[in-house]
Asker: 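Can you read through this structure? Questions will come right after.
Proteins come first, then strands; the chains are lettered A, B, ... in the order of their sequence lines, and each starts at number 1.
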Amino acid sequence: MIELVFPDGSKREFESGATGRDVAASISKSLEKRSVLVKLDGALLDLDRPLPKGGAFELLTRDSPAALETIRHDASHVMAEAVQELFPGTQVTIGPAIEDGFYYDFARSEPFSLDDLPKIEQRMREIVDRDEKISREVWAREAAIEHFKSIGEDYKAEIVADLPEGDEISVYRQGAWKDLCLGPHLPSTKFVGKAFKLTKLAGAYWRGDHRNAQLQRIYGTAWASDADLEAYLLRIEEAEKRDHRRIGATMDLFHIQEEGKGMIFWHPKGWTLYRTLQNYVRRRMEAEGYVEVKTPQVLDYSLWEQSGHAQKFGANMFVCETDEGEKLALKPMNCPGHLQIFNHGQRSYRELPMRMAEFDGLHRYESSGSLHGLLRVRGLAQDDAHIFCREDQIEAESKAFVELLQVIYRDLDVELDSVKLALRPDLRFGDDEIWTIAEDTLERAANAAGVKVERLENEGAFYGPKLEFHLRDAIGRTWQCGTLQLDYVLPERMDASYIAEDGQKHRPVMLHRAILGSLERFLGVLIEHYSGAFPLWLAPVQVVVATITSDADEYALKAVDVLRKAGLRVESDLRNEKINYKVREHSLAKAPVIAVVGRREAELGQVALRRFGSTGQEVVSLLEAANMLALEAVPPDLAVRATGDQRSPHGVVGAMEAG
RNA sequence: GCCGCUUUAGCUCAGCUGGUAGAGCACCUCAUUCGUAAUGAGGGGGUCACAGGUUCGAGUCCUGUAAGCGGCACCA
C-alpha cells in the first residue's frame with residue numbers, strides 16, 4: 001500500500017501499483033477525463049505510470065501552469081513525428097521544451113526550408129487529431145541500442161550508450177512512432193492542442209560542440225490556449241518594435257556600416273546618451289574611491305604573451321606588424337595596462353585596496369556570426385576597473401562591488417535576470433586549492449550583499465572564477481553586463497607586488513570588475529528597456545521648444561537660451577508647421593518635454609509644457625520652467641545632494657556637467 | 001566560423017510566369033501663420049548590395065562574394 005497526501009491535506013491509501021489515472025477515477029469520472037499528469041513529491045509523472053511510492057500527490061489538468069512545459073515537450077515530439085513522416089530518412093536527436101516553446105534537432109542531408117514549416121505544422125495538427133496514445137516502456141540497454149541502430153537512428157543509439165549505467169531506458173510510443181525520452185508525457189497527442197506555431201530554422205551542433213556534425217533545429221512555440229498563443233505573438237511583435245537597432249535608427253542615435261562591422265558610429269544624440277551614462281557611472285565610482293587612468297591603445301605583443309591573453313585569445317585580437325618588424329596588438333582589455341601602472345614604482349600595503357578605473361576603447365575580433373547590433377560589437381568601452389588588494393580584503397571589496405552594482409542598476413531601473421558564478425574552466429592557470437578559495441569567496445560576498453547566485457560549471461575565465469550579472473533584452477534574450485572576476489594569476493604572471501607590514505614583498509590579488517560591462521551593450525539593453533523614452537536625466541534631447549506661429553520665434557530662441565543655461569539639453573522647432581504636426585512628431589520621437597510657445601507665452605514670458613505620455617499642459621513662467629526642469633534632470637547620484645540640505649552647491653553644476 | 005533566410009529611393013515596402021522601376025513617409029520649393037498627435041500643391045532622388053553567367057533582353061533565373069537578420073559555436 002502507498003499513502004497519498006492530497007493538496008487539501010487529506011490522506012488516502014492506494015494499492016501499490018496504482019496509477020494516477022486510478023486515483024483520479026476513484027475520485028470522479030470527470031477528473032479522470034481532465035487529468036493529464038501527476039505531481040508526486042514535486043516531480044511530474046505520466047498519468048498512466050504506476051506510482052513508485054507514496055507522498056504529496058496532485059493531479060494536473062491541461063490548464064495547470066505546471067503542465068505547460070509538458071505540452072511543449074509533447075509538441076516537440078509531435079513535430080518530430082510529423083517531420084519523420086514527411087521527410088523519411090531524417091534522424092531525430094533531442095527535442096526539449098524551452099522558455100515559451102520547444103525545439104527539435106534533426107539530422108538530414110537536405111536542409112529544411114522555411115516553406116517546409118507550414119507543411120510540418122499541418123501534419124502536426126493531423127497527428128493531434130489522430131489522438132495517438134502515448135505510452136511509456138522500459139527497454140534493456142543493449143536492445144535499445146540495437147533497435148535504434150537497426151532503424152538508422154545513430155544519434156539515439158549514441159544517447160542510449162552514453163546514459164549512466166543503471167539508469168532506466170524509457171521509450172515513449174506515440175501511435176506508430178517512438179522516441180527515447182525521459183518523459184513525462186501527456187496521455188495522448190490530442191492534449192497537445194493546436195495552440196502552437198513553428199517559428200524559426202537554425203543550425204545547431206550535435207551536443208553543442210562545433211567539432212561535431214551540424215544538425216538542423218526547428219523552433220516552435222506552444223501554449224495551452226489560442227488566446228495565450230496570440231498574446232505571445234503579440235508580445236514578440238511589440239518587443240521587436242523596441243529593438244535597439246530600430247530605435248537607434250529612428251532616434252538618430254548611431255549607425256553601423258559595412259566597412260566597420262561590429263563598430264559603432266555614434267551620432268550626436270547617441271553620443272550624448274553615451275556620455276551621460278558614462279559620466280554618471282564615473283561619478284558613482286569616484287564616490288567609492290576609484291581612481292581613473294588611461295593606458296595605451298596599442299601595445300607590444302609580448303606584453304599579451306606575458307599576460308597569457310595571447311595564448312588564450314590571440315585569435316580574437318587585432319594584431320599588426322610595423323615596417324620595423326615590431327608585432328603590436330590593439331588592446332582587447334585594460335588589465336595588463338593597469339598592471340604596468342601598478343608595477344611602476346614600489347607599492348605599499350597602505351595603498352591597498354587600489355581601485356583603478358578606465359573607460360578607454362577596446363577592440364576584440366569577435367566572430368562575424370556573433371555580431372549583434374550594440375549587444376555584441378568589435379569596438380567597445382567598459383566601465384572597467386581593477387582592484388588590487390590583499391587576500392583578506394577580497395570579500396569586503398567584492399561585497400562593496402555588488403552593492404554598488406545594485407545601486408546603479410536601481411538608478412537605471414534595469415532588473416537583473418540572474419547572477420551566475422562561473423566556476424573553473426578546463427583550460428586554466430593556477431592550482432585547484434586557490435580556485436576553491438576563490439570560488440567560495442565570491443559566493444560568500446555575493447550572498448553578503450543579498451544576491452543569490454547560480455553556479456555554472458566550467459564557465460570561469462582562465463585566471464579565475466567570476467560573478468556574471470545578466471540583464472534581459474526586449475524579447476527575453478539575456479546578456480551579460482556586469483562582472484566581477486577574482487584573479488590570483490595575472491599579478492603572478494606580471495610579477496606585481498607590494499611591501500607589507502612585515503617589510504617583505506607580497507603578491508596582491510586582482511579583482512576585474514565592470515558594472516555596465518560594455519557601454520555599447522548596456523546602452524542597447526537600456527534603449528530597449530526604455531523603448532527610447534528615457535528618463536529626463538538620460539534623454540539626449542530633454543526639451544524641444546516648439547513655436548505655434550513665427551511671431552514667437554524670437555521668444556522661442558530666448559527660451560532655448562535660458563533653458564540651456566540652466567543645464568538642459570534643448571532643441572528648437574521653429575518650422576513653419578502646425579503645432580499639431582510638431583507635437584505629433586516630437587511625441588513620436590519621445591521627447592520628454594515639449595515646451596510650446598505662441599504669442600500668448602511670448603507676451604507673458606511663459607512656456608506651456610507638455611510631458612511625454614501625457615496630453616495635459618502646464619503653463620509656467622520661463623524661469624520657473626528652467627529651475628523646475630533643471631532640478632528634475634539632475635542625475636540620480638546627484639539628486640540627493642541637490643535636493644538635500646548640506647553639500648548642495650554641486651547639484652545644479654552636476655546637472656550641467658552631465659550635459 | 002557554421003546552418004538557414006534576406007538585400008529595390010534616406011526609411012518602410014510593392015514589383016505575377018524575364019520586356020528597361022513604383023507607393024507612403026522623409027527631403028527640397030512655393031503657398032499657408034494655423035493653440036497641443038499628420039495643411040495643401042509642386043519637385044528632386046535608384047549602377048535594383050557587389051561580381052560573373054544564361055538570354056535578343058535580367059530587379060526578376062543561375063553561380064560566387066559581402067553585409068544584415070535568426071539560431072548554433074565563441075565571448076578575456
Asker: So Arg600(A), base contact, sugar-phosphate only, or nothing? Heavy-atom distance under 4.0 Å.
Answerer: base
Asker: Indicate whether OP1 or OP2 belonging to C75(B) is found under 4.0 Å from a side-chain N or O atom of Arg521(A).
Answerer: no
Asker: Just checking Tyr104(A) against Phe106(A), ring centres under 6.0 Å apart?
Answerer: yes
Asker: Measuring only the P atom in each nucleotide, how far is U8(B) from U12(B)? A whole number of Å is fine.
Answerer: 8 Å
Asker: Could you measure between the two C1' atoms, the one in U55(B) and the one in G59(B), and give it in whole Å?
Answerer: 16 Å
Asker: So if I take every side-chain heavy atom of Ser370(A) and compare against C74(B), A76(B), C34(B), which nucleotide ends up nearest?
Answerer: C74(B)
Asker: State which residues pass side-chain contact (heavy atoms from CB on, under 4.5 Å) with Asp426(A); sequence neighbours excluded, sorted by chain then number.
Answerer: Asn458(A)
Asker: Do the charged groups of Glu457(A) and Arg424(A) touch, with an N to O distance under 4.0 Å?
Answerer: no
Asker: So for Glu601(A) and G35(B), does any side-chain atom that can act as donor or acceptor lie under 3.5 Å from a complementary atom in the base?
Answerer: yes
Asker: Considering every strand and a 4.0 Å limit on heavy-atom distances, what is the contact class for Arg245(A): base, sugar-phosphate, or nothing?
Answerer: sugar-phosphate
Asker: Contact class for His512(A) vs. all strands (heavy atom < 4.0 Å): base, sugar-phosphate, or nothing?
Answerer: nothing
Asker: Between the main-chain N or O of Ala533(A) and the side-chain N or O of Ser531(A), is there a donor-acceptor pair closer than 3.5 Å?
Answerer: no
Asker: So, does Lys261(A) get its side chain near the phosphate of A67(B), meaning an N or O under 4.0 Å from OP1 or OP2?
Answerer: yes
Asker: Strictly by modelled atom types, are Glu468(A) and His470(A) linked by a side-chain donor-acceptor pair under 3.5 Å?
Answerer: yes
Asker: Identify whether any heavy atom of Ala202(A) sits under 4.0 Å from a base atom; if not, whether one sits that close to sugar-phosphate; answer base, sugar-phosphate or nothing.
Answerer: base
Asker: Determine, for Tyr103(A) and Arg217(A), whether the Lys NZ or Arg CZ falls below 6.0 Å from the six-membered ring centre while staying within 45 degrees of the axis.
Answerer: yes
Asker: Is there a donor and acceptor pair, one atom on the side chain of Tyr365(A) and one on the base of G1(B), closer than 3.5 Å?
Answerer: no
Asker: Is there a donor N/O on one and an acceptor N/O on the other, under 3.5 Å, for the side chain of Ser367(A) and the base of A73(B)?
Answerer: yes
Asker: Base, sugar-phosphate or nothing for Lys200(A)? Non-hydrogen atoms, less than 4.0 Å.
Answerer: sugar-phosphate
Asker: Taking only side-chain nitrogens and oxygens of Arg610(A), does any of them come within less than 4.0 Å of OP1 or OP2 of A37(B)?
Answerer: yes
Asker: Using centres under 5.5 Å plus planes under 30 degrees as the test, is Phe313(A) stacked with A76(B)?
Answerer: yes
Asker: Angle between ring planes, His386(A) versus Phe388(A), binned at 30° and 60°: parallel, tilted or perpendicular?
Answerer: tilted
Asker: Looking at every strand, decide which applies to Leu201(A) at a 4.0 Å heavy-atom threshold: base, sugar-phosphate, or nothing.
Answerer: base
Asker: Which nucleotide wins on minimum distance to the side chain of Pro332(A), given the candidates G1(B), A76(B), A26(B)?
Answerer: A76(B)
Asker: When all nucleic acid strands are considered with a 4.0 Å heavy-atom cut-off, which category describes Tyr581(A): base, sugar-phosphate, or nothing?
Answerer: sugar-phosphate
Asker: So which nucleotide from A37(B), U36(B), A26(B) ends up closest to the side chain of Ala608(A)?
Answerer: U36(B)
Asker: Any idea which of C75(B), G70(B), G35(B) is nearest the Ile579(A) side chain?
Answerer: G35(B)
Asker: In whole Å, what is the span from the OH atom of Tyr103(A) to the P atom of G70(B)?
Answerer: 19 Å
Asker: For His255(A) and Phe265(A), take the angle between the two ring planes, folded into 0 to 90°, and tell me which bin it lands in: parallel under 30, tilted 30 to 60, perpendicular over 60.
Answerer: parallel
Asker: Does this structure show an ion pair linking Glu358(A) with Lys294(A), if we count only N-O contacts that are shorter than 4.0 Å?
Answerer: no
Asker: Given the ring of Trp206(A), does Arg211(A) sit roughly above its face, with NZ or CZ under 6.0 Å from the centre of the six-membered ring and within 45° of the axis?
Answerer: no
Asker: Between the side chains of Glu618(A) and Arg610(A), is the shortest nitrogen-to-carboxylate-oxygen separation below 4.0 Å, so that they form an ion pair?
Answerer: no
Asker: With sugar-phosphate meaning primed atoms plus P, OP1 and OP2, does Gln311(A) contact a base, only sugar-phosphate, or nothing at under 4.0 Å between heavy atoms?
Answerer: nothing
Asker: Indicate, with a heavy-atom threshold strictly under 4.0 Å, whether Lys331(A) touches base, sugar-phosphate, or nothing.
Answerer: nothing
Asker: Could you say whether Leu609(A) or Arg378(A) is positioned toward the 5' end of RNA chain B, judged by the nucleotide with the nearest heavy atom to each?
Answerer: Arg378(A)
Asker: Under the 3.5 Å rule, do the base of U33(B) and the side chain of Ser550(A) count as making a donor-acceptor pair?
Answerer: yes
Asker: Nearest to the Arg376(A) side chain among A38(B), C74(B), G35(B), which nucleotide is it?
Answerer: C74(B)
Asker: Taking the side chain of Val583(A) as heavy atoms from C-beta outward, which of C72(B), U36(B), C5(B) is closest to it?
Answerer: U36(B)
Asker: Quantified in whole Å, what is the P atom distance between nucleotide C48(B) and nucleotide G10(B)?
Answerer: 12 Å
Asker: Looking at A37(B), A26(B), A76(B), which one has an atom nearest to any side-chain atom of Met317(A)?
Answerer: A76(B)
Asker: Just call it for Leu588(A): base, sugar-phosphate, or nothing, with non-hydrogen atoms closer than 4.0 Å on any strand.
Answerer: base
Asker: Need one value for Arg217(A): base, sugar-phosphate or nothing, where a base atom within 4.0 Å counts as base even if backbone is also close, heavy atoms only.
Answerer: sugar-phosphate
Asker: Need one value for Tyr463(A): base, sugar-phosphate or nothing, where a base atom within 4.0 Å counts as base even if backbone is also close, heavy atoms only.
Answerer: sugar-phosphate
Asker: Would you classify Glu577(A) as touching base, sugar-phosphate or nothing, given that sugar-phosphate means primed atoms plus P, OP1 and OP2, and contacts are heavy atoms under 4.0 Å?
Answerer: base
Asker: Just the rounded figure in Å: distance from C1' of A26(B) to CD of Glu585(A).
Answerer: 9 Å
Asker: When you match Arg599(A) and Pro111(A) each to their closest nucleotide on RNA chain B, which lands nearer the 5' end?
Answerer: Pro111(A)
Asker: To the nearest Å, how far apart are Asp115(A) CG and G4(B) P?
Answerer: 14 Å
Asker: Using a 4.0 Å heavy-atom cut-off, does Tyr219(A) contact any base of the nucleic acid, only the sugar-phosphate backbone, or nothing at all?
Answerer: sugar-phosphate
Asker: Hey, where does RNA chain B pair up into stems, meaning at least three consecutive Watson-Crick or G-U pairs with distances under 3.5 Å?
Answerer: B:1-7 with B:66-72, B:10-13 with B:22-25, B:27-31 with B:39-43, B:49-53 with B:61-65
Asker: Which whole number of Å gives the distance between the C1' atom of G45(B) and that of C11(B)?
Answerer: 14 Å
